[in-house]
Structure formats: C-alpha cells, structure tokens
Number of protein chains: 2
Amino acid sequence: MFDDPRITAVGLLVEAHAGLSARFAAQFEEHGLSPVEFEMLTRLARSPGNQLRMTDLAAQTSLSTSGVTRVVDRMERDGLLRRRACPSDRRSSYAVVTAAGLERLDQTLPGHLRIIEQWFTGQLAPDTLRVLLDGLRQVRDAVHPGATAGSTEPNPAEPTAPPGG
Amino acid sequence: MFDDPRITAVGLLVEAHAGLSARFAAQFEEHGLSPVEFEMLTRLARSPGNQLRMTDLAAQTSLSTSGVTRVVDRMERDGLLRRRACPSDRRSSYAVVTAAGLERLDQTLPGHLRIIEQWFTGQLAPDTLRVLLDGLRQVRDAVHPGATAGSTEPNPAEPTAPPGG
DNA sequence: GAGCAACTATAGCCGCAACAATATTCCCCG
DNA sequence: CGGGGAATATTGTTGCGGCTATAGTTGCTC
C-alpha cells in the first residue's frame with residue numbers, strides 16, 4: 001500500500017522541495033532575511049517602481065493580506081520597506097523597497113543563485129533538467145495555485161488597479 | 001536578473017509543490033485530518049506494529065520532538081493514536097495507531113492516491129514522469145534533508161534503539 | 001446626492017510549531 | 001555501587017500567520 005509509485009512520487013517532490021527550502025533558508029539567514037522576506041523583496045523589486053499595493057503583494061505571495069500587513073510591519077521597522085499612501089485610492093497603500101532593501105537583495109541574490117545551481121539545476125544533466133522543468137510546468141499549470149501563481153510569469157505589471165498619479 | 005532560468009526553475013518546483021499540497025490538504029480535511037496528522041498516520045502505519053517511539057517519529061517527519069508531543073496529544077485526544085510505555089526504556093514511549101486511526105487512514109488513502117493521479121502523475125507522459133522522478137531523486141539525494149529523508153526509503157524498522165521486550 | 005455593496009488595510013484572537021529549559025531515565029566508567 | 005553525561009519526553013515561552021471583525025474609502029445605482 002505504501003510503496004505505491006504515486007506515494008513515492010509525491011515523497012520525492014516533497015523531500016526535494018523541503019531540502020532545497022532548507023538550503024535557501026540557511027543562506028537567507030546569513031543575510032538576515034527569512035524566506036517570506038526574501039519573497040517580498042523579490043516580488044516588489046521586479047514590479048514597476050519597486051512597489052506594490054498590499055493586496056497585490058498578498059495575491060502574488062503565499063501570505064494572506066493580514067500576513068502581508070505584519071511582514072511589512074517588520075520589514076518597515078528594519079528599514080527594508082516603506083509604506084507609501086496611494087494617491088489615487090485612499091484605501092490602498094504601497095509597500096516600496098527602500099535603498100537598503102534593494103541593497104540587501106543584491107547581497108543575497110548571487111548566493112541564492114549559486115545555491116540553486118549547486119543543489120538543483122547543477123545536479124542534473126541538461127536534458128534531464130529540461131524534461132523535469134517541463135513536467136513541473138505541466139503540473140503547476142494543472143493545479144494552478146491561483147494566488148500563488150504568476151511568479152514565473154512575465155510580469156503582471158498592473159494586476160488590478162492602475163498606480164494612477 | 002529575475003528572469004534567470006534558475007529562478008524560474010525554483011519557482012516551478014515551489015508552485016507545483018504548493019499547488020499539490022493545497023489539493024492534498026483539502027482532501028485530508030474532508031476526512032478530518034491535517035497534513036501533519038496524515039503524515040503521522042502513514043509513518044506509523046508503515047512501521048512494524050503500527051508504532052514508533054516519539055523520537056523516531058520526529059526524526060522521520062517534518063516536526064521537532066516537541067511538535068510530535070503536541071500533535072500526538074491532539075491525535076490521542078481524537079482517538080487516532082495511543083501512547084504506550086516502552087517496556088525496555090522507561091524514558092521512551094510509543095505512539096501506536098488505534099483501530100480508529102487505521103480506519104481513518106483507510107478512508108483517506110484512496111482519495112489521496114486519486115488526487116495524486118489526477119493532478120500529478122496523470123498529468124505527464126510516462127517518459128516525462130520517469131525522467132522527472134529520476135531528476136527529483138537526484139536532487140533529493142543531493143540535499144538530503146537528513147531528518148526528513150527516509151520517507152521513500154524501504155523501512156528503517158529499528159532506527160536507533162531495539163524495541164526490546 | 002444618498003444609500004449600499006464591494007474593496008482595502010489593519011487589529012483581535014487563535015492555533016501551530018520551534019527553541020530552550022526541565023525532569024526522568026539510562027548507560028558508561030571508575 | 002555511584003557519579004556524570006547522554007538520551008527522551010514534556011512544558012514554558014515566543015513568534016508567525018490565518019480567520020474574522022472592523023473602520024475607512026470607493027464607486028455604482030437610483
């Protein structure tokens with residue numbers, strides 16, 4: 001029953017993910033970041049103006065809106081982010097990456113890429129990697145986490161509301 | 001910078017994993033189980049005597065020993081598990097799956113396998129799946145989460161101490 | 001323009017899990 | 001046999017994050 005190939009398949013996916021996540025977390029910690037904080041920084045840094053409304057930030061990450069409120073609280077306290085009132089909609093506020101935040105991200109990214117290379121992509125022959133990524137993409141497209149989706153997509157640019165002026 | 005293929009690769013792995021996890025969690029919930037509880041049940045059910053010492057249970061799962069203490073508390077309260085004193089070592093105690101626990105697992109497993117088939121293995125051509133699993137195995141073996149490892153392994157049987165008698 | 005539903009961010013409350021501290025038991029070594 | 005260090009499980013403490021409630025804002029409808 002438990003040696004069903006499907007169980008094995010899920011086990012491999014889960015363990016590979018868990019192992020990589022642990023490596024990532026360790027490297028993030030060297031730079032004083034948690035995984036969520038790194039995620040926030042990357043999401044914001046790839047957005048126009050290095051900013052995103054709280055709601056959109058939540059939609060693009062693994063956190064709820066209240067979760068975003070709190071992680072932004074912490075990162076603002078640490079000087080990595082800054083809240084900015086949205087001029088066109090007084091309900092909204094932007095989270096903006098500060099210079100310190102960008103700098104921190106710049107310090108962190110090279111090591112992150114190196115770790116991916118070392119423990120993931122570099123472990124596989126090019127053909128294997130290609131097929132593996134195709135397969136993951138098919139699965140991803142099928143399950144479509146919805147809110148979590150979009151990370152590998154081009155760039156939503158203006159997800160719901162225009163930044164206005 | 002952010003469209004680096006390595007970033008994309010990790011994104012796919014993370015999103016595929018997140019999407020599948022969400023599907024699993026929803027199905028577990030139909031049977032009144034959380035993902036950790038399901039994990040505990042499967043680990044115990046595949047162990048000799050349907051039991052494992054608290055420490056070994058922690059070593060084989062994603063939880064710390066105190067985490068195991070508490071989830072076993074809850075599951076014992078719900079009648080899925082039972083604590084049993086270890087006769088050969090009075091420091092240790094076993095977590096044993098009850099009949100109700102086994103029954104719950106039997107109710108949950110078919111649907112779980114069906115979901116894996118539906119959203120993961122069944123999404124891929126046999127060749128693709130084979131290569132993908134090989135790749136995941138290579139990555140898994142490389143990162144070797146250590147404690148988390150072993151889920152797809154045969155069976156540790158007696159990880160640290162002999163059950164004795 | 002007034003009313004109302006939807007949207008946005010936040011705060012209260014709760015459960016979960018990791019870390020550290022603690023109590024008990026075991027085993028090695030003399 | 002006795003002492004000390006390791007092992008085992010539990011509990012206290014802490015932080016995180018989801019859900020719900022809430023307050024403020026917007027835009028639609030009449």
Side-chain angles (χ1 to χ4, degrees), chain A residues 18 21-22 25-26 28-29 32-40 51-78 81-96 145 147-148 159-164, chain B residues 18 21-22 25-26 28-29 32-40 51-78 81-96 145-148 158-164:
Chain A
S21 296
F28 293 153
E29 195 170 11
L33 291 176
S34 71
V36 250
E37 287 168 346
F38 178 82
E39 187 183 11
M40 296 291 151
Q51 62 183 347
L52 231 38
R53 300 186 316 144
M54 300 294 280
T55 298
D56 298 327
L57 191 49
Q60 290 188 21
T61 60
S62 55
L63 263 59
S64 67
T65 61
S66 65
V68 167
T69 291
R70 277 158 182 146
V71 72
V72 168
D73 282 348
R74 297 195 291 272
M75 297 177 74
E76 192 170 27
R77 179 169 45 71
D78 295 347
L81 262 47
R82 184 174 62 83
R83 277 184 174 84
R84 190 174 77 79
C86 176
S88 62
D89 187 338
R90 300 177 58 185
R91 293 171 300 182
S92 297
S93 58
Y94 286 104
V96 195
T148 309
T160 46
Chain B
S21 295
F28 293 153
E29 196 170 10
L33 292 175
S34 71
V36 251
E37 287 168 345
F38 178 81
E39 188 182 11
M40 296 292 152
Q51 61 183 346
L52 231 37
R53 300 186 316 145
M54 299 294 279
T55 298
D56 299 328
L57 191 50
Q60 290 188 22
T61 61
S62 55
L63 264 58
S64 66
T65 61
S66 66
V68 166
T69 291
R70 279 163 177 140
V71 72
V72 168
D73 282 348
R74 297 195 291 271
M75 295 177 76
E76 192 170 27
R77 180 170 44 72
D78 295 348
L81 261 48
R82 185 173 61 84
R83 277 184 173 83
R84 189 174 76 80
C86 176
S88 62
D89 186 340
R90 300 178 59 185
R91 294 171 300 181
S92 297
S93 57
Y94 287 103
V96 195
T148 308
E158 300 176 5
T160 45

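Proteins come first, then strands; the chains are lettered A, B, ... in the order of their sequence lines, and each starts at number 1. Being a predicted model, the structure only gives us computed values, none of them experimental.
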Classify the side chain of B:Ser66 versus the base of C:dC19 as yes if they form a donor-acceptor pair under 3.5 Å and no if they do not. yes
Regarding A:Thr65, tell me which of base, sugar-phosphate or nothing describes its non-hydrogen contacts under 4.0 Å with the strands shown. base
CE on B:Met54 to CZ on B:Arg91, rounded to 0.5 Å: 15.0 Å
Could you state the CD-C1' distance from A:Glu29 to D:dC16, rounded to the nearest angstrom? 15 Å
Within the structure shown, what part of the strands sits under 4.0 Å from B:Val36 by heavy-atom distance: base, sugar-phosphate, or nothing? sugar-phosphate
So does A:Asp73 pair up with A:Arg70, basic N to acidic O under 4.0 Å? no
For a quick check of understanding: with a heavy-atom distance under 4.0 Å over all strands, which category does A:Ser92 fall into, base, sugar-phosphate or nothing? sugar-phosphate
With a 4.0 Å cutoff (strictly under), does any side-chain N or O of B:Arg90 reach OP1 or OP2 of D:dT8? no
Calculate the interatomic distance between A:Met54 atom CE and C:dC7 atom C1'; express it in whole Å. 15 Å
Does A:Arg82 pair with A:Glu76 as a salt bridge, N-O distance under 4.0 Å? no
Phosphate oxygens OP1/OP2 of D:dT10: is one of them under 4.0 Å from a side-chain N or O of B:Arg70? no
Are the side chain of A:Glu29 and the backbone of A:Ala26 linked by a donor-acceptor contact shorter than 3.5 Å? no
Would you name the heavy atoms of B:Leu63 and B:Met40 that are closest together and state the gap between them? CD2-CE, 3.8 Å
Whole angstrom is fine here: how far is it from CZ in A:Arg83 over to C1' in C:dA9? 8 Å
For A:Ser64 and B:Asp73, find the nucleotide of DNA chain D closest to each by heavy atoms; which residue's nucleotide sits nearer the 5' end? B:Asp73
Please work out if B:Ser93 contacts a base, only the sugar-phosphate, or nothing of the nucleic acid, heavy-atom cut-off 4.0 Å. sugar-phosphate
Rounded to whole Å, CE of A:Met75 lies from P of D:dG17 at a distance of 11 Å
When rounded to whole Å, the CD to P distance for the pair B:Glu39 and C:dA17 reads 10 Å
Euclidean distance, atom CZ of residue B:Arg77 to atom P of D:dT10 [Å, nearest integer]: 15 Å
Rounded to whole angstroms, how far apart are CG on A:Leu57 and P on C:dA9? 10 Å
Grab the CZ-P distance between A:Arg91 and C:dT10 for me, whole Å please. 14 Å
